[in-house]
Amino acid sequence: MNTYTDEPPQGAYRAGESRVEIEFRGVTKRFPVKGKSEPTTAVQGLDLTIRCGEIVSIIGPSGCGKSTLLNMGSGLYAPSEGEVHVGGERVTGPVRKVSFMLQKDLLMPWRSIRSNIELGLEIEGRPAAERCSIAERMLKKCHLDGFGDHYPFQLSGGMRQRAALARTLATDPQVLFLDEPFSALDAQTKMILQQDLAQMLFEQKKTALFITHDLIEAIAMSDRILVMSARPGTIIEEITVDLPLRNNPLERRKLQAIGPLAGRLMTLLKVGEGTDLH
Ligand SMILES: Nc1ncnc2c1ncn2[C@@H]1O[C@H](COP(=O)(O)OP(=O)(O)O)[C@@H](O)[C@H]1O
Ligand SMILES: [Mg+2]
């Protein structure tokens with residue numbers, strides 16, 4: 001049973017019988033290499049299933065195909081083999097119910113923060129009054145009240161990522177693909193943004209696939225962690241984060257069980273055994 005309630009959860013989130021939201025079936029992605037007959041195999045025979053309302057993190061060495069995975073999930077790249085399904089439909093092109101957030105905020109420098117937040121709504125053809133009220137609500141939710149008329153260059157890195165988050169959520173996507181969204185932020189700003197994101201994802205019952213290099217971030221934010229091998233990337237381990245407080249990563253970080261879980265991830269990633277994580 002789906003255990004989501006308005007109350008803070010006492011146990012770990014159990015997606016259980018909720019419907020499948022994202023599915024990769026035997027997905028391989030090859031890229032042609034200039035001047036070579038052999039292509040690069042970025043992702044090899046990858047299967048994954050994510051249920052509605054789950055937050056799943058992916059960790060793995062650099063270049064193992066994590067971003068490629070998200071690009072296939074959102075329909076930007078077509079798999080060379082296999083199938084990707086989102087929301088019960090096979091992905092064959094850009095998917096509307098998906099929103100992306102990246103390490104770079106990608107805000108348009110010539111648009112105000114408010115107008116950046118409205119961008120996706122504009123593309124969807126929503127009327128001006130509706131765009132304005134959604135933007136206003138998102139500014140509040142993302143703690144940017146009073147900054148709607150500022151331009152990106154006037155904001156700190158953390159605030160720009162808040163604006164990027166507001167833009168990502170403004171179109172109310174059911175699925176979020178987050179590609180290392182906080183990796184350029186300082187440690188404390190990162191923790192505060194993690195908290196805001198976790199609360200919003202929880203309240204709005206979003207499904208998210210979250211790529212990170214930060215093992216504690218993965219544990220603090222997610223229901224499950226998938227560990228990928230070096231290229232050609234495939235999933236080598238799946239860890240259920242059997243901890244409470246998924247809607248409160250600041251508190252979850254303080255739990256004693258974090259240490260052993262982080263240790264397990266370090267072993268899987270061979271951290272400290274001469275394998276570079278970056
Ligand atoms: N558009 C592309 N064209 C050619 N090769 C690519 C392209 N995108 C990714 N790759 C290659 O696929 C592999 C996986 O890349 P990527 O998914 O970005 O890894 P990660 O996000 O895990 O660091 C890398 O070897 C990369 O060079
Ligand atoms: Mg990447």
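In each ligand, atom 1 is the first atom listed, and ligand 1 is the first ligand listed. The first residue of the sequence shown is numbered 1, and numbering continues consecutively from there.
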Applying side-chain contact (heavy atoms from CB on, under 4.5 Å) to Leu243 and Leu261, what does each step give before you reach the verdict?
CA-CA 10 Å; Leu243 297 176; Leu261 252 181; 4.1 Å; yes
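- A salt bridge links Glu136 with Arg114: the closest approach of a Lys/Arg side-chain nitrogen to an acidic carboxylate oxygen falls below 4.0 angstrom.
- Within ligand 1, counting atoms from 1 as listed, the ones closer than 4.0 Å to a heavy atom of Ser62 are 23 (O).
- Taking all heavy atoms of Lys66, Glu180, Arg231 into account, the minimum distance to atom 22 (O) of ligand 1 is reached by Lys66.
- Around CZ of Arg96, the count of heavy atoms belonging to other residues, nucleotides or ligands within 6.0 Å does not exceed 12.
- Using a 4.5 Å cut-off on side-chain heavy atoms (C-beta onward), Met228 and Ile236 make no contact.
- Under 4.0 Å is where a charged nitrogen must lie from a carboxylate oxygen, and between Arg253 and Glu251 no such pair does.
- Counting heavy atoms under 4.0 Å from ligand 1, residue Met228 does not touch it at all.
- Counting only distances under 2.8 Å, and ignoring water, the protein N, O or S atoms around the Mg ion (ligand 2) are Ser67 OG.
- Contact atoms of ligand 1 toward Ala42: 12 (O), 13 (C), 14 (C) (distance under 4.0 Å to a heavy atom of the residue).
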Pair Thr212, Glu217 - check side chain to side chain donor-acceptor pair (under 3.5 Å), show working.
CA-CA 7 Å; Thr212 179; Glu217 177 171 78; 2.6 Å; yes
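- Ion pairing of Asp172 with Lys206 is present here, as a side-chain N (NZ or NE/NH1/NH2) and a carboxylate O approach within less than 4.0 Å.
- Counting the atoms of ligand 1 from 1 in the order shown, those under 4.0 Å from a heavy atom of Tyr77 are 1 (N), 8 (N).
- Taking the side-chain contact (heavy atoms from CB on, under 4.5 Å) definition, one finds that Ala78 meets it with nothing, sequence neighbours left out.
- Phe31 meets the ring-ring contact (aromatic ring centres under 6.0 Å, His included) test with Tyr77; sequence neighbours excluded.
- For atom 18 (O) of ligand 1, the closest non-hydrogen atom on the protein side is Ser67 CB, 3.8 Å.
- Protein heavy atom at the shortest distance from atom 3 (N) of ligand 1 is Phe31 CD2, 3.5 Å.
- At a distance under 4.0 Å, no protein heavy atom can be found next to atom 27 (O) of ligand 1.
- Applying the side-chain hydrogen bond (donor to acceptor under 3.5 Å, both in side chains) test to residues at least two apart or on different chains, the pairs with a partner in residues 27-43 are Arg30-Glu81.
- Salt bridge absent: Glu21 and Arg51 never bring a charged side-chain N and a carboxylate O closer than 4.0 Å.
- Proximity to Thr68 (heavy-atom distance under 4.0 Å) selects the following atoms of ligand 1: 9 (C), 14 (C), 15 (O), 16 (P), 17 (O).
- At least one N/O-N/O distance between Gly65 and ligand 1 falls below 3.5 Å.
- Atom 6 (C) of ligand 1 lies below 4.0 Å from at least one non-hydrogen atom of the protein.
- Using a cutoff of 4.0 Å between basic side-chain nitrogens and carboxylate oxygens, Asp223 and Arg246 are scored as salt-bridged.
- An N or O contact shorter than 3.5 Å links Gly63 to ligand 1 by distance.
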